[in-house]
Each structure stands twice: as C-alpha cells, then as structure tokens.
K.L.:
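One structure, as structure tokens, below. Some questions next.
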Amino acid sequence: MIEAIKKHKRIVAAVVILILTAVIELVCNFPAIRGGYDNLDLTKYITVEKEGNKEKYVISYSSPQKFYIKELKLSGNFPKEYSYTIKTKEYNSFDKESEEYYSDTVNSWFSDFYTNLNKKVTSIEITLNKVEDAELTAVSCSNRFEVNNYRVLFFLVAFSLLYCLLFEKKIYKKLEWLFAVYALIFGLLLIFYAQPVKNSWDEQIHFGNAYSLAFGRNVEWTEAAELTKNGETVTCNTKAEFAELRAYLNEKNDTVVYTEQKESLIPAYTKLAYIPQAIFLKIGMLLNLSFSQLYAFGKLGNLLLYILIMYVAIHYSRIKKLFLFFWALMPTALFLASAYTYDTVVFSFITLGCVLWANAVFDTSEKNRNTQIIQIVLLLVVGCLSKAVYIPLVLLVLTLSMLKKGKKNYRWSVWCGIILILMLVMITFVLPTITSTVARDISFGGDVRGGDTSVVRQLISMLKHPVSSIKLMLGNIFALDNFRNLGSDITDKFFFGNLMSLNLAHLGILDDKWSAVLVAETMVLLLYKDPEENGKCQFNLLDKFIIFASLAGTIILIWLALYLDFTPVGAEIIAGVQARYYMPLIYLGALCFQNRKIKINWDKQKIQKSAIGVIYILGFVLMYEGVLSGRLL
C-alpha cells in the first residue's frame, strides 16, 4: 500500500488537500451548522432617541438564550460616510460573559452595509447618529452556512505549495524557477485579494500615473478612475461590501468625467517605471474589462516585470544566491510587485545591477569588459530614474579589476563617464532646488499633501544651522527607530526588519515575534558558504572606501530628501523615511559582509528548504492575518 501511495502520490496529495480544505470550511461554519439561521429581522427594534440637540438611531435587542451572530446588516440611505457603534454582551468558548464594543461605517455609495461579528451573544445594541437626509431603513443579523471562496482558494494554494516544498525535490534544482513559480502564485493571490482600493503606499498616485501613461495625447478619466486616483473610495471590511464596491466602480467606469490633454507623448524619465503597468492597463481597456478587473490587470504588468528581472538576477548571481532568493521573496517585495508603484523597478533593477557588478568583481578576465560596464551602469541608472537618491551606487563600477587593468586613457574615460552620469542624475533633483533657493522661491517643493513643508525654506534653515543639521542627520540615521510606516504611534514601534520585509502597508505588519525567525534565517544565509560559489570577495582599501562611499552617500541622500520634502521646516526629527527604502541596498550589504571565522557548512538542500520554509511561513501567515482576516473572512 505504501508503494502504491508513493506511485500515485500526487493524486493522493490532491485528495488530501481537498479533504483538509473542506474540513477547515466546515469548522469555520460550525456555529451555522449547529444553530444556523438565515435572517433575524431587528428592524422593529429601531428607535430614535434625543441626546441634547442631536438625534440618534438606537437598535437594542436581547434574548434569554445565547445566539450566534455571524453577520450584521444595516440598510439605508446616507449623505456621506458615518460611523456606528455596536455594544454586545457576549460569551467566549468557556461561556465567560463580557461586554464588548465595535465600530463600523455606512456611506453614500451603498444601500446595504455589513459587519462580521462572529460572536455568541445574548444582547446587542447599535447606535448611529441621525443626521439630515440620513435614513436607516432596516437592520438584521444572520448565522447562515456559507462557503467562503476566498478562504477555500487560500488553503488550496497553501496546502498545494506546502506539498511541493516537502515532497517535490526537483523544485530545488533551479532556484530561479522556484522563485518565479512562488512569486507568481503569491503575487496573483495578492492581486486577487487586494480589491480596487488603496493598499500600498501612495498607490492611488501611482495608479493615476500609470493610467495616464496608458493613453495617447488625450487621457479619458472615467468617474471610477478619478475616484480611485484621488483615494476617495469608501471604507470596506467584508467581502459583501467589497462586492458592492466593485459593482459601484464598474458602473461608474462608463462615464467619462473629463479629458486631460498631455503636453507631450514622451513620458518623463521619472515615470518610465510605470510603463509595464500602463501596457497592461491598455491591454485591459482593449479587452473591455470592467474597472475592477482592469485595476487588477494593470498590476500584473508590475508583477511580471519583477519576476523577469529577479529571475535573471538569481540565475546569474555567483555569490549569495540563496540570500538573494530569500530576500526577493520577502512579503513586502512581493506585495510591492503586486501593487501600483515604481519601487519594484527601483529594487529589481538596482539589485540586478549589483549582481552583475559582483560577477565582474570576481571575474579576473577582461572579456567583454565594456559590455559588462555598460550593462551595470544602465541597470543602476534605470533603477534610479524614479528615485535618484540611489545614484551614488554607480560609483561601484570604479572598483572593477577590469577597469584597473585597462590603459590609463581608458581608465580616465570611464572615471569621467561615471562622474558625469552621477552629476547629471543628481542635477535632475538638485538643480531646481538650488535655483529656487537662489531665487528665494520659498514656495518650491514640499509635501503635496500639505503641512508646513518647503524644500527651499528647509534648505535655507539647514544652511543657517549647519552643525545642528549634521547632528540631526547622523542622529536620525543611526537611531534605527525613526522609520515611519503609516504615521501612527502603533505602527511606528515595529522592529525595522519587520517594517522592511514583513510589511503590507495599509493591510498590516507581522508582529515583532516573527522577527526572531526572520533575523535567524538571515544570519544563517549570510554565514552559509555555498560550495559552488567560485572566487572570494577581496577588496583593497580603495575599493572598500568607494563601496562605503556609495552606501553612505545613498543613505544620506535618502534621509536628506525626506527631510527637505516631507518634514516640517525646522523640525528636529526627519519624517517620512521608511525601512523599505533600504531594500535595494540589502544584496550589496550582504556582499560586503565578509566573515572568515564563522561559517555554516550545512547540506545545501537543507539550507534551501529552511529558506523557502521561512519564506512560506512568513508569507502565508502575513497574508492570512493582513489580507484576509478582517476584510474577506
């Protein structure tokens, strides 16, 4: 029988996966199986009470017996978004009584509003302010049996991947293919679960840029696209409300609000990173997709580009391949690759440039040296087009041995070329600031979202207080506790490693306890010596100085740019710096991690399994907690 199972293991695995998924779905619906009901109408319990000069709706219901509320539904018409509170007398699994409070919202877009309670209660009280033109027409609760397709898909994929990682040894032969498959599956899940709302950092702005780029001279802004670009979509936290949101935006996509005429058909260099997203948006328009489908389809361009570039990087890397594989599959990296953003292009192109640079460092031959240098420089420059603060990394080319062995005239020409590129890119964001400062144009620059920010006034302030500015810069850089995530005290206190790699922006961050797993695996991969890696990283004093200058210059520019652009003038702390800005520097930092005293010489397949195991656990735990729980479950 054992031999038969081994022979047909994939069929057996498929059956087991289906059974496990079905069991989980039954367990999640156990309250409905034991005491389900389709609809308990509470409309007759709606009353209007006065509180001072204001009126409020109050719905109060109690029962002598405990009953389970899976979903609460309110119906009505409201002029804008309002919050309502829910007070329950509920019982936990040990039948201990407690009084709990919850809150949710109604809005002008829908007529039905839902709250997932999933609580056993004896009483419930709902309070909603009664304002002019607002009308609450019905209230009900239910505990019906319902198969959640989002949950079913999650566990089918999670169990299938787990089977492959544990029992399919062939997948470990080519790390780049394993990366591509995992990244595609995980990324598609993120896109499917995301819904047409802002989830990533400033995603509404990035969507607007990609959408505009998808058109020719005239950009047709539909009402749905305009609402999404402005981040004006309403709050949703249940799959029923997300279904209503998709239907609403799909309907609004039929109406063109206005047509914007571009000044030029050639996109600005800072917006070239949006081209893959714009291409897929255009394809989606030609396919006549609904807006919700179009919004998801555009993200696919970003994901496929990330997979392609990082596949090439992992394939060609000769040192720290497994480390690169690990960080390329971190949840935050895949989350950004599955959203509207330019960060994916910055991270992937700079990382590939560093991979080719490392290969050139270990390549003692002078074969194709011009081609190698051009490729490295081109990748680094493309990666810096949207975020010029990373341009000091182009100085890495000056450390190449092939350059040192070349003729004097050749060395000077390359040096001058690199310095010229560095200056040209720096000018793109430094020159406007300098000219505006000289002209005393204090309105130049600053955070478009408002606040007492101004690049020119901030720069003048720094020039007036040079010592304080240096102390501020160094103090914030080395503090490691000033990475702002979403601007709240709660999210700002997470471990910076979690903020960098286990962070899904508005969807949440994995708890700090998981950093123990992240840090431990990172250290193992840094200390691990792959027997297939040829050559050793040997840098002389000048090389180390150039590498240090590249890293230090990049980090300083990151903090300086955020101080000038997003921090109130004269503030003693730098606002806006996020840990994810360090992601393009991770692989380069790993290359510079030279340790000859402590090495890990474990079996290669065991190291690979530990790396992908940690990736799998962190990724799917974060997806379940951040993307599904509280939204689609």
Side-chain angles (χ1 to χ4, degrees), residues 24 28 102-105 115-116 118 148-159 161-162 182-183 185-204 206 231 233 235-242 245 295-296 299 302-303 306 327-341 343-344 483-518 578-580 583 614-633:
I24 290 174
C28 292
Y102 308 94
S103 65
D104 209 339
T105 59
T115 301
N116 289 334
N118 294 305
N148 189 311
N149 294 328
Y150 293 107
R151 181 168 51 220
V152 169
L153 177 62
F154 175 83
F155 282 106
L156 283 176
V157 173
F159 288 141
L161 271 177
L162 183 61
Y182 183 94
I185 293 173
F186 197 88
L188 288 175
L189 277 181
L190 287 174
I191 292 174
F192 178 69
Y193 290 147
Q195 309 298 324
V197 294
K198 177 181 71 173
N199 293 314
S200 183
W201 295 273
D202 299 323
E203 191 170 14
Q204 77 282 11
H206 298 304
T233 52
T235 304
C236 299
N237 56 10
T238 66
K239 64 185 182 68
E241 289 180 339
F242 278 119
L245 175 65
Y295 189 82
K299 297 178 181 181
N302 206 25
L303 177 62
Y306 178 74
W327 276 88
L329 288 177
M330 280 289 98
T332 300
L334 293 179
F335 172 69
L336 288 169
S338 307
Y340 287 101
T341 182
D343 286 340
T344 295
F483 291 110
R484 182 180 67 86
N485 178 46
L486 299 176
S488 67
D489 292 336
I490 296 175
T491 53
D492 288 350
K493 292 178 181 178
F494 277 86
F495 172 59
F496 64 85
N498 289 41
L499 290 173
M500 186 189 303
S501 55
L502 308 178
N503 188 352
L504 300 189
H506 300 280
L507 297 178
I509 311 166
L510 213 52
D511 291 339
D512 273 350
K513 63 185 178 184
W514 294 100
S515 63
V517 180
L518 174 67
Q578 300 177 23
R580 63 190 172 94
M583 287 173 58
V614 170
I615 290 167
Y616 173 87
I617 292 170
L618 295 177
F620 277 88
V621 169
L622 181 53
M623 181 181 289
Y624 190 86
E625 290 187 359
V627 182
L628 291 174
S629 295
R631 295 179 77 243
L632 302 171
L633 299 184

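Basis for what follows: all heavy atoms, side chains included, without hydrogens, waters or symmetry-related copies. It should be emphasised that the depicted structure is a prediction, and the values quoted were computed from it without experimental measurement. We're numbering straight along the sequence, starting at 1.
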K.L.:
How far apart are the closest heavy atoms of Ala183 and Leu334, and which atoms are they?
P.N.:
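Looking at all heavy atoms of both residues, the closest pair is CB-CD2, 3.7 Å.
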K.L.:
Indicate yes or no: at least one non-hydrogen side-chain atom of Phe620 is less than 4.5 angstrom from one of Val157.
P.N.:
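A side-chain contact under 4.5 Å exists here.
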K.L.:
Considering all heavy atoms of both residues, which atom of Tyr193 and which atom of Leu632 are nearest to each other, and what is their separation?
P.N.:
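Smallest heavy-atom distance, with atoms named: O-CD1, 3.7 Å.
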K.L.:
Side chains of Asn199 and Leu504: closer than 4.5 Å at any heavy-atom pair?
P.N.:
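No, their side chains stay 4.5 Å or more apart.
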K.L.:
Within a strict 4.5 Å, meaning less than it, do heavy atoms of the Leu633 and Asn118 side chains meet?
P.N.:
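When only atoms from C-beta onward are counted, Asn118 and Leu633 do not touch, as no gap falls below 4.5 Å.
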K.L.:
So how far is it from Leu161 CG to Ile615 CD1, rounded to the nearest 0.5 Å?
P.N.:
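One finds 11.5 Å between CG of Leu161 and CD1 of Ile615.
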K.L.:
Any heavy-atom pair between the side chains of Leu618 and Leu510 that's under 4.5 Å?
P.N.:
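Yes. Closest side-chain heavy atoms under 4.5 Å.
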K.L.:
If we ignore hydrogens and angles and just use 3.5 Å, is the side chain of Asn503 paired with the main-chain N or O of Phe496 as donor and acceptor?
P.N.:
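The answer is no, because no donor-acceptor pair under 3.5 Å joins these two groups.
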K.L.:
Look at the rings of Phe154 and Tyr624 and say which category their plane angle falls in: under 30° parallel, 30 to 60° tilted, over 60° perpendicular.
P.N.:
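Tilted.
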K.L.:
Using 0.5 Å steps for rounding, measure from the CZ atom of Phe335 to the CG atom of Asp343.
P.N.:
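Here the rounded value is 11.0 Å.
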K.L.:
Please report the closest heavy-atom contact between Arg631 and Leu507, naming both atoms and the distance.
P.N.:
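Looks like NE-CD2, 3.5 Å.
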K.L.:
What I'd like to find out is whether the side chain of Trp514 reaches to under 4.5 Å of the side chain of Val621, using heavy atoms alone.
P.N.:
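Yes, side chains in contact.
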K.L.:
Ala333 and Trp327: which non-hydrogen atoms are nearest, and at how many Å?
P.N.:
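Shortest heavy-atom contact: CB-O, 4.0 Å.
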K.L.:
Closest heavy-atom contact between Ile191 and Ala296?
P.N.:
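Answer, listing the atom of Ile191 first, then Ala296: CG2-O, 3.5 Å.
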K.L.:
Are Met583 and Met330 close enough that some pair of their side-chain heavy atoms sits under 4.5 Å apart?
P.N.:
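No - every pair of side-chain heavy atoms lies 4.5 Å or more apart.
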K.L.:
side-chain contact (heavy atoms from CB on, under 4.5 Å) for Leu190 and Met623? Distances and angles first, verdict last.
P.N.:
CA-CA 8 Å; Leu190 287 174; Met623 181 181 289; 3.9 Å; yes
K.L.:
Using 30° and 60° as the class boundaries, would you call the ring planes of Tyr295 and Tyr340 parallel, tilted or perpendicular?
P.N.:
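The rings of Tyr295 and Tyr340 sit tilted, inter-plane angle from 30° to 60°.
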K.L.:
Which value, rounded to the nearest 0.5 Å, describes the distance between Gln195 atom CD and Thr233 atom OG1?
P.N.:
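Rounded to the nearest 0.5 Å, the CD-OG1 separation comes to 11.0 Å.
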K.L.:
Is any side-chain heavy atom of Cys28 less than 4.5 Å from a side-chain heavy atom of Asn148?
P.N.:
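When only atoms from C-beta onward are counted, Asn148 and Cys28 do not touch, as no gap falls below 4.5 Å.
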K.L.:
Nearest 0.5 angstrom please: Ile24 CD1 to Leu156 CG, how far?
P.N.:
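Result: 9.5 Å between the selected atoms.
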K.L.:
Using a 3.5 Å distance criterion without hydrogens, assess whether the side chain of Tyr616 forms a donor-acceptor pair with backbone atoms of Ala158.
P.N.:
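Yes, because the side chain of Tyr616 sits within donor-acceptor range (under 3.5 Å) of the backbone of Ala158.
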K.L.:
Judged by atom type as modelled, is there a donor-acceptor pair below 3.5 Å linking the side chain of Glu241 to the main-chain atoms of Asn237?
P.N.:
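Present.
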K.L.:
Closest heavy-atom contact between Thr115 and Asp104?
P.N.:
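Reported closest heavy-atom pair: OG1-OD2, 2.7 Å.
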K.L.:
If you apply the rule side-chain contact (heavy atoms from CB on, under 4.5 Å), what do you find for Cys236 with Val197, and how did you get there?
P.N.:
CA-CA 9 Å; Cys236 299; Val197 294; 5.7 Å; no
K.L.:
State the CZ-CE distance between Phe494 and Met500, to the nearest 0.5 angstrom.
P.N.:
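Here the rounded value is 15.5 Å.
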K.L.:
Does the plane of the ring in Tyr150 sit parallel, tilted or perpendicular to the ring in Phe192? Use 30° and 60° as the thresholds.
P.N.:
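Judged by the thresholds at 30° and 60°, the geometry between Tyr150 and Phe192 is tilted.
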K.L.:
Taking the side chain as every heavy atom from C-beta outward, state whether Lys299 and Glu203 have any pair of such atoms under 4.5 Å apart.
P.N.:
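Side chain of Lys299 against side chain of Glu203, heavy atoms only: contact under 4.5 Å found.
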K.L.:
Please report the interatomic distance CG(Asn116) to NZ(Lys239), rounded to the nearest 0.5 Å.
P.N.:
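The distance works out to 8.0 Å.
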